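Just so you know, these numbers use all the heavy atoms, side chains as well, and skip hydrogens, waters and symmetry mates. Throughout, protein chains are lettered first and strands after them, A, B, ... in sequence-line order, and every chain is numbered starting at 1. This structure is a prediction, so every number in the text was calculated from the model and none was measured.
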Number of protein chains: 2
Amino acid sequence: MSELSKTAHLVLGMIRNGRRTGYDIKRLVEVSTRFFWAASPGQIYPELKRLEAGGLLSRSEEPHGQRVRSVYSLTDDGERALHEWLTGSSDLTFELRNEGLLKLFFADGLSANEAIEVVRAMRAEHEAILNGIRKATPAYRADRKFGYITWLYGLGLHGWVVDWCRQLERDLAEGRVPFEREARDASAAKHR
Amino acid sequence: MSELSKTAHLVLGMIRNGRRTGYDIKRLVEVSTRFFWAASPGQIYPELKRLEAGGLLSRSEEPHGQRVRSVYSLTDDGERALHEWLTGSSDLTFELRNEGLLKLFFADGLSANEAIEVVRAMRAEHEAILNGIRKATPAYRADRKFGYITWLYGLGLHGWVVDWCRQLERDLAEGRVPFEREARDASAAKHR
DNA sequence: ATACTCATGTAAGCTGTTACATGATTCT
DNA sequence: AGAATCATGTAACAGCTTACATGAGTAT
């Protein structure tokens, strides 16, 4: 089958982690990978079908009252594809879309108060994300510690951003040139 | 005209900042907003046309040798649309696609060394981004300080990630449960 | 009884990338 | 003279979101 998308690998991984139906995957994504790799049902269900058609997943139907659920598991090929992706060394996608920062980039035409408001809004957003992550605390299990580690990453990263915003708000309120020390450090590192 | 996309606002902002042609915008994007809001020529040129058709930009043709360049500037409507976006309070887009973290999420099936290798690859990627940002040092200008501030954000953010990876590599190498202190803090914050 | 969650999907549409194409201009 | 950069675009496609649709099971 043709090249798998990153989201296809997400689906494979979720199934190996014991998620068995599309709905199961959707629910776990919402409280875990969503914060660094989103996937909507409109993607998950077609992806399951593609992976089945490509022989990486096998589907069986389980009765559930009157209804029948589609339950998936990895084939040997699927297992192999997942492992190859995990241990492979192709370039890692990293993409960011940060509208707050984009506004900030253009804030020179704004008044001091308007600029501070942009930073405040940015901070509020990251605080909301932080709350979402906190609410999604994973149960700690020794055999599944990496879910926990990526959860800590979310807390740390957005915590860093919130602190950065707070610092910038202070600097802007006092009319100070922001982050002078960091600027010196960066420039020093460059000339090393 | 119908609702403007975020990238449309990027184009408006770039033009108000003195970028006048599509090529000009493309070049600046590559060394500045790219790190938090990418935009390819395949988007920029059609967007310029749309904005002109919508009356937010006016186009004039400047001779340049034999060739004619399309030079854009903001109309009053364009100016207004930009300012409304900058000061408006609608939810800010924040999206992340972090393949390294996605691999890490599924690293429980890997050997210790393979897991460490995932973290190392992730760190290498952020170090490369960091280099890209450093190379793109903006000239500091008192009347354009926010471009500088968002540049510092990039250094700070990716610097944080590199440190985080390094710490995790150490913890994994020593078989320690990672980030125990942060976990306690987070849990304490939750129950406050 | 009613509302919520479980469960599965489809269709339309938007955003964005990649790859290609063209030709002028400037630099070395 | 040749290479790099300036400059402008287009077409095909990938990826993803939103909104919608349907209906069963479960809790209050």
Side-chain angles (χ1 to χ4, degrees), chain A residues 1-11 14-15 19-31 33-34 36-53 57 59-72 91 93-99 102, chain B residues 1-11 14-15 19-31 33-34 36-53 57 59-72 91 93-99 102:
Chain A
M1 81 183 293
S2 61
E3 276 313 280
L4 296 179
S5 67
K6 313 299 155 97
T7 300
H9 287 109
L10 162 67
V11 169
M14 286 290 181
I15 285 169
R19 304 294 143 169
R20 314 184 56 221
T21 69
Y23 191 71
D24 246 4
I25 294 173
K26 173 193 160 270
R27 260 185 326 175
L28 184 60
V29 164
E30 257 162 32
V31 295
T33 63
R34 171 164 71 96
F36 50 88
W37 200 284
S40 65
Q43 263 185 292
I44 293 170
Y45 287 106
E47 193 60 66
L48 284 167
K49 288 195 171 170
R50 267 195 297 276
L51 290 168
E52 193 203 349
L57 291 181
R59 188 171 70 90
S60 66
E61 302 193 337
E62 269 187 14
H64 189 244
Q66 305 289 16
R67 285 181 68 91
V68 184
R69 290 186 307 182
S70 288
V71 172
Y72 293 89
D91 274 3
T93 297
F94 180 88
E95 288 169 26
L96 194 53
R97 297 249 158 213
N98 188 335
E99 190 184 356
L102 187 60
Chain B
M1 82 182 294
S2 60
E3 277 312 282
L4 298 177
S5 68
K6 313 299 156 94
T7 301
H9 287 109
L10 163 68
V11 169
M14 285 290 182
I15 286 168
R19 304 291 144 171
R20 313 184 58 220
T21 69
Y23 192 71
D24 246 3
I25 294 173
K26 172 193 160 273
R27 260 187 326 176
L28 186 59
V29 164
E30 257 162 31
V31 296
T33 63
R34 169 165 73 95
F36 49 87
W37 200 283
S40 63
Q43 262 185 296
I44 293 169
Y45 286 107
E47 193 61 66
L48 284 166
K49 289 196 169 169
R50 267 195 297 277
L51 289 169
E52 193 203 351
L57 290 180
R59 188 172 71 92
S60 64
E61 302 194 336
E62 269 187 14
H64 189 243
Q66 307 286 19
R67 283 180 68 90
V68 185
R69 289 188 306 180
S70 287
V71 172
Y72 292 90
D91 276 3
T93 296
F94 180 88
E95 287 168 26
L96 194 53
R97 296 252 157 210
N98 189 335
E99 191 183 355
L102 187 60

What is the distance, rounded to the nearest whole Å, between atom CZ of A/R50 and atom P of C/dG9? 13 Å

D/dC6 phosphate, OP1 or OP2, under 4.0 Å from B/R69 side-chain N/O: no

Might you list the N or O atoms of the protein lying below 3.5 Å from N or O atoms in nucleotides 10-12 of chain D, with each pair's distance?
none

Take atom CZ of B/R97 as the centre, draw a 6.0 Å sphere, and report whether it contains more than 12 heavy atoms from other residues, nucleotides or ligands. yes

Tell me the bend of the helix from C/dA1-D/dT28 to C/dT28-D/dA1 as the angle between end helix axes, each from five pairs, rounded to the nearest 10 degrees. 40°

So, OP1 or OP2 of C/dT8: does either fall under 4.0 Å of a side-chain N or O from A/T21? yes

Please list, for nucleotides 21-25 of chain D, all pairs of protein and nucleotide N/O atoms separated by less than 3.5 Å.
from   : atom 1 : to    : atom 2 : distance (Å)
D/dG25 : OP1    : A/Q66 : N      : 2.5

Rounded to the nearest angstrom, tell me the gap between atom CZ in B/R19 and atom C1' in D/dA7. 16 Å

Between B/S40 and C/dG16, is there a contact of a side-chain N or O with OP1 or OP2 at under 4.0 Å? no

Just verifying a value: how many Å separate A/S40 OG and A/R34 CZ, rounded to the nearest 0.5 Å? 12.5 Å

Would you mind reading off the distance between A/L10 atom CG and D/dG15 atom P, rounded to a whole angstrom? 14 Å

Ion pair check, B/E52 and B/K49, cut-off under 4.0 Å: no

Verify the contact: side-chain N or O of B/T7 to OP1 or OP2 of C/dT15, cut-off strictly under 4.0 Å; return yes or no. no

For B/W37 and B/T93: C-alpha separation, side-chain torsions, deciding distance, then whether side-chain hydrogen bond (donor to acceptor under 3.5 Å, both in side chains) applies. CA-CA 10 Å; B/W37 200 283; B/T93 296; over 6 Å; no

NZ/NE/NH1/NH2 to OD/OE distance under 4.0 Å, A/E61 and A/R59: yes

Is A/Y45 close to A/Y23 at the side-chain level, that is, under 4.5 Å between some pair of heavy atoms? yes

Distance, nearest 0.5 Å, that separates CD1 of B/I44 from OG1 of B/T7: 9.0 Å

Pairwise distance CD1(B/I15) to CD1(B/I25) - rounded to 0.5 angstrom: 4.0 Å

Side chain to side chain contact (heavy atoms under 4.5 Å, CB included) evaluation trace for A/M14 with A/L28: CA-CA 8 Å; A/M14 286 290 181; A/L28 184 60; 3.4 Å; yes

If I take atom CD from residue B/E95 and atom CD from residue A/E95, how far apart are they, to the nearest 0.5 angstrom? 9.5 Å

Want to settle it: does B/W37 or A/Y23 sit nearer the 5' end of DNA chain C, counting the closest nucleotide to each? A/Y23

With A/D24, which of A/K26, A/R27, A/R20 fulfils side-chain hydrogen bond (donor to acceptor under 3.5 Å, both in side chains)? A/R27

So, is B/R97 close to the D/dC16 phosphate, meaning a side-chain N or O under 4.0 Å from OP1 or OP2? yes

